[in-house]
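Just below is one structure, and these are the notes that go with it.
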Amino acid sequence: MKGASHPTNDVTLSQSSVPSIRDVIDTVETSRRQFVKTGLSATALASAGGLTLGGLVNTVEAAPVPASLGFPGMGFESVPANTRALNASLGGSASSTVDRITVPTGYTAQVFVSWGDAIMPGGTAFTGTAAETAAQQAKQFGMHNDGMHFFPFSGTTGAPLNDRGLLAVNNEYTHEEILFPDGQVGSGYTLAKTRKSQAAHGVSVVEARRVNGKWSVVKNSLYGRRITANTLARISGPAAGHALMKSKAFTITDGASVPTGGLLDGFTAYGTINNCAHGITPWGTYLTCEENFNGNFGGTGAVDTSATTEIGKLNRRYGLSAGGFGYRWHTTDPRFDLTTNPNEPNLFGWVVEIDPYNPRSVPVKRTALGRIKHESAQYVVDSQNHIAFYMGDDERNEYIYKFVCSGKFNPTNRAANRDLLDSGVLYVARFDSNLSGQWLALQPDTIGVNGVALRDNPNFAGANDAEVLAKILVKTRMAADAVGATSMDRPEWTGARPRINGFDEVEVYCTLTNNSRRGGAVTASTPASNAIDGSTPAATANPPVDAANPRANNAYGHIIRWRETGKSVTATTFSWDLFAQAGDTLTTKTPNATNDFKGNIVDTPNGSADYGAPDGLWFDYFGRLWVQTDQVGDGSGDFINIGGNVMVCADPNTGETRRFLTAPNKCEVTGVTMTPDGKTMFVGVQHPGEDATAANPTAFSNWPQNQWSVEADGVTALPAGRPRSSVVVITKDDGGIIGS
Ligand code: FEO
Ligand code: CA
Ligand code: CA
């Protein structure tokens, strides 16, 4: 995300529906029985897709990740950097990059789904002018897609299919100038605009099918689903029900958000927003991670940012303010008004579990995993079937976490795993200078660096340890401050290396995208670390360089990795190193004491796969590491030689890196997944042409319709008029595995 405004209304919401909310897995089981009992949906789908009813039932049990195969290396050559010079050489502007996707020789990319495409029954085709209402947007693919995962259906034998499945995709934020025909305020700002913006946030579940070699969206799929800022969710885990989780209750319709006069019960939230990257579970559910939730709030009056009050400290530490990121939701929807509804932000910043196979399942906010600006949540199951989720908090000088479930993963009984995300221990990482590290438990009895147990720290004081833990989780950043975690250079995605080909370690990677505050001048208002009392406003510290974050004003970012002691996810110690420091081999910038700006990316010839600002990170099923970038998107400044954003592929053994994909002008590459056989890859392109205004939406990009006249189905025309965040589908022309 880079835009200034970074960050479903077909159902009328009210508290009356709350008592029916059950665990996500419970809902699956109930709904599956309904599918089978009525036969209607299942039969219709089966006849349409050539599946048996048994096959459909099996889809619910399908493991989302296939058995891993061997690492076959990289069989493609790097594509050239998408520089301004390249664009000029092609007859384009010398102040932008080439406005298209490029993949290696022997590969084909096609646009698969774009903002505004119909994805469910009743959905309407994109107008091209953004004339859609909120209700229409709520049945279309959301805006500014980010993390995603392909969940295969199963065939009649129960084996996962490679030509049919569900793509669960986050829709992180909206760009209001492109979202509305007249921009955010052209003819005035209204609740209708707020509702459309809310409907473009969240998650899209898209049914994907390949017929005669062509992938397409099943536009009227019964599995198609939108989960938005107005989709009821359940809150579970240790913080559920706490007073801090009780915000104002509303009756929410397209026409108004009317306070009921009461409070929510602490087990209910009205929706999810700022869904950045993601995770999955080995029991076949999707995890959507709420990141920059603070930006969507504002204040119609005073907003408490006191360093001494409970809400004031929360607002400081999580970056809430009267203006937010410039969204105006709070001016029309009092739910997002910090002045009158100060607890509402506490209902965001969580990992949310969704069952994509069941369109009726209720999203569940799993509070045990902590409240931060969640980027992603990568799981690892170790040889003892202990399971942990690794997570970054993406803001300058925030931390890396892991959550270790109390219970073990049961690979043979799906229902036995349904509560695993509700109890366990949340840890935060301290990276020491000797390439070792400590996982610091965020528990009531943990002694902080000031010698005081968290239960005796005023920030977390409670009637009992259950309440202390609830407060630790709502105020996760403040608990991490208290125990002395290591401030990192913006932790983005985590990724776990598969244990295949003789590699048998729990080894996890995390992108550290950049940090303009590393090594900056220390003053009273820009301290050297986040204060242990949790009072430091978000992203105001200027920590010195350290071993894990070695470059001052880290413009290009790096990738850190660690191995758990004893190959166990329950370990409290680990070893670590830096996998790569990104940079520009050809840079003419003057080196300084901590930074040559060239980095150490391993590529041949040297410089052929340079990149900056690593963000997306994912190991495929064959052990290849894919890295996606979120740097300046137009090849300017520090990126004049590197060009626009990319996806590279790397060998975790040698570090060898090749550039697989370059992307359109002023976009970010984020989100990657494959079919189980590795022969189809889906890649996300977010916010092409960002910074455009409503007066000239195509000022910087007219992608994807400037690259293709029709969608991947080969039939549906792409409407012109404005750039659209999209998912592209990539196949190898010889039918082989992507990257091979
Ligand atoms: Fe939404 Fe940190 O990327
Ligand atoms: Ca290099
Ligand atoms: Ca990201």
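Scope of the values below: all heavy atoms of this structure, side chains included, with no hydrogens, waters or symmetry mates. Atoms within each ligand, like the ligands themselves, are counted from 1 in listed order.
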* Is there an N/O/S atom in Glu172 at a distance below 2.8 Å from atom 1 (Fe) of ligand 1? -> yes
* If you check every N/O/S atom of Glu375, which is the one nearest the Ca ion (ligand 3)? -> OE2
Of the N, O or S atoms in [X], the one nearest atom 2 (Fe) of ligand 1:
X	result
Glu492	OE1
Glu375	OE1
Asp394	OD2

* Trp115/His687 aromatic ring centres below 6.0 Å -> no
* What angle, to the nearest 10°, do the atoms OD2 (Asp615) and OE1 (Glu492) form about the Ca ion (ligand 3)? -> 80°
* Taking the six-membered ring for Trp, are Tyr390 and Trp562 parallel (under 30°), tilted (30 to 60°) or perpendicular (over 60°)? -> tilted
* To do: Would you tell me whether Thr494 and Ser376 have side-chain atoms, one donor and one acceptor, within less than 3.5 Å of each other?
  => yes
* May I have the step-by-step check of salt bridge (charged side-chain N to carboxylate O under 4.0 Å, His left out) for Lys666 and Glu690, ending in yes or no? => CA-CA 6 Å; Lys666 280 183 172 277; Glu690 76 170 343; 5.6 Å; no
* To do: Confirm or rule out an N/O/S atom of Glu291, from backbone or side chain, lying less than 2.8 Å from atom 2 (Fe) of ligand 1.
  => yes
* Residue pair Ser197 / Leu179, side-chain heavy-atom distance below 4.5 Å -> yes
* Minimum side-chain heavy-atom gap Cys289-Asn275 below 4.5 Å -> no
